[in-house]
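Only a predicted model underlies this, so the values are computations on that prediction, with no experimental measurement involved. When reading the values below, keep in mind they use all heavy atoms of this one structure, side chains included, and skip hydrogens, waters and symmetry mates.
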Amino acid sequence: MIALLVLLVLAQAQVPVTLQCDGIADLSRQEVARATVEINGEAVRVRAPSGMFATIVGDRQDFWRDLRDVVITDREIRGSMKPNLVSRLNVVIDRMSGEIRINYNDPLGGSAAFVGDCVVVSATPLF
């Protein structure tokens with residue numbers, strides 16, 4: 001709960017925030033996974049769990065993507081991206097509970113989902 005309050009304060013102060021989100025990917029197989037989110041003012045970028053982007057660029061671990069159409073309210077952070085011409089990734093972070101939901105839909109390659117809980121890892125560089 002304290003980490004979520006810190007997130008709310010830092011996001012309002014326009015301080016860059018890094019979130020570590022642990023949860024379950026591929027909900028049918030219950031695979032433990034991790035996503036990372038960086039928030040810097042209105043700019044949000046995400047490193048989705050390993051395996052979500054396997055249909056496009058070989059699913060590198062350092063595959064960061066900037067979110068578009070970002071909406072930040074008192075209660076949630078929402079954004080999306082199009083990794084290619086036909087697929088779409090949607091991200092919703094509940095700022096009150098810390099829950100994150102990532103949904104990936106590719107009409108040619110299937111879909112994937114991730115649900116997890118986020119904690120503030122760093123508001124400033126550690127080193």
Side-chain angles (χ1 to χ4, degrees):
M1 185 66 166
I2 293 174
L4 294 175
L5 293 174
V6 170
L7 171 62
L8 289 171
V9 170
L10 292 174
Q12 291 173 350
Q14 303 298 317
V15 174
V17 176
T18 301
L19 305 176
Q20 179 176 297
C21 308
D22 293 317
I24 303 294
D26 191 357
L27 302 178
S28 63
R29 292 190 303 194
Q30 299 287 303
E31 294 179 6
V32 175
R34 173 175 288 165
T36 309
V37 178
E38 290 184 351
I39 305 165
N40 190 358
E42 295 291 317
V44 178
R45 67 185 200 136
V46 64
R47 181 170 54 194
S50 178
M52 285 196 102
F53 295 117
T55 59
I56 48 178
V57 292
D59 188 35
R60 299 187 318 256
Q61 286 284 29
D62 62 345
F63 193 65
W64 286 92
R65 288 298 203 150
D66 293 326
L67 294 182
R68 306 237 187 266
D69 305 321
V70 173
V71 176
I72 299 176
T73 69
D74 291 343
R75 297 207 169 262
E76 72 178 14
I77 299 169
R78 179 181 297 268
S80 63
M81 58 167 277
K82 290 186 64 109
N84 58 36
L85 293 175
V86 295
S87 62
R88 183 172 186 84
L89 180 113
N90 294 307
V91 177
V92 178
I93 303 170
D94 183 317
R95 295 178 74 183
M96 305 311 285
S97 68
E99 181 182 76
I100 184 171
R101 291 186 172 273
I102 301 175
N103 293 304
Y104 175 68
N105 186 6
D106 183 343
L108 302 177
S111 62
F114 171 79
V115 177
D117 293 309
C118 299
V119 294
V120 176
V121 176
S122 174
T124 58
L126 297 175
F127 301 98

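Contact of the Val17 side chain with the Val121 side chain is not registered, since no non-hydrogen atoms from C-beta on lie closer than 4.5 Å. At a threshold of 4.5 Å between non-hydrogen side-chain atoms, the residues Val37 and Cys21 count as touching. The shortest side-chain heavy-atom distance between Ile102 and Asn90 does not fall under the 4.5 Å cut-off. Looking at heavy atoms from C-beta onward, Thr18 lies out of side-chain contact with Val120 at the 4.5 angstrom threshold. The shortest side-chain heavy-atom distance between Val92 and Ile100 does not fall under the 4.5 Å cut-off.
A distance of 12.0 Å separates CZ in Arg95 from SG in Cys118, rounded to the nearest 0.5 Å. Taking CG of Leu19 as the start and CG of Asp117 as the end, the distance is 11.5 Å to the nearest 0.5 Å. Atom-to-atom distance recorded for Ile77:CD1 and Glu42:CD is 9.5 Å, nearest 0.5 angstrom. Remark: Gln30 CD to Ile24 CD1 distance equals 5.0 Å, nearest 0.5 Å.
For the residue pair Val115 and Glu99, the shortest heavy atom distance occurs at CG1-OE2, 4.0 Å. Taking both residues in full, the closest heavy atoms of Val86 and Pro107 are given as O-CD, 3.2 Å, listed atom of the first, atom of the second, then distance. Asp94 and Met96 get closest at one heavy-atom pair: OD1-N, 2.7 Å. Considering every non-hydrogen atom in both Gly41 and Ile72, the closest pair reads O-CD1, 3.4 Å. Here the closest heavy-atom approach between residue Ala35 and residue Phe114 is recorded as CB-CE2, 3.9 Å.
Between the side chains of Ser80 and Arg68, no donor N or O sits under 3.5 Å from an acceptor N or O.
The side chain to side chain donor-acceptor pair (under 3.5 Å) test applied to Thr36 returns Arg47, not counting sequence neighbours. Applying the side chain to side chain contact (heavy atoms under 4.5 Å, CB included) test to Arg45 and every residue at least two apart in sequence or in another chain returns Glu38, Trp64, Asp66.
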I would like to know whether Lys82 and Arg88 meet side chain to side chain contact (heavy atoms under 4.5 Å, CB included); could you show each step before the answer? CA-CA 5 Å; Lys82 290 186 64 109; Arg88 183 172 186 84; 3.9 Å; yes
Assess whether side chain to side chain contact (heavy atoms under 4.5 Å, CB included) is satisfied between Ser87 and Tyr104, documenting all intermediate values. CA-CA 7 Å; Ser87 62; Tyr104 175 68; 3.6 Å; yes
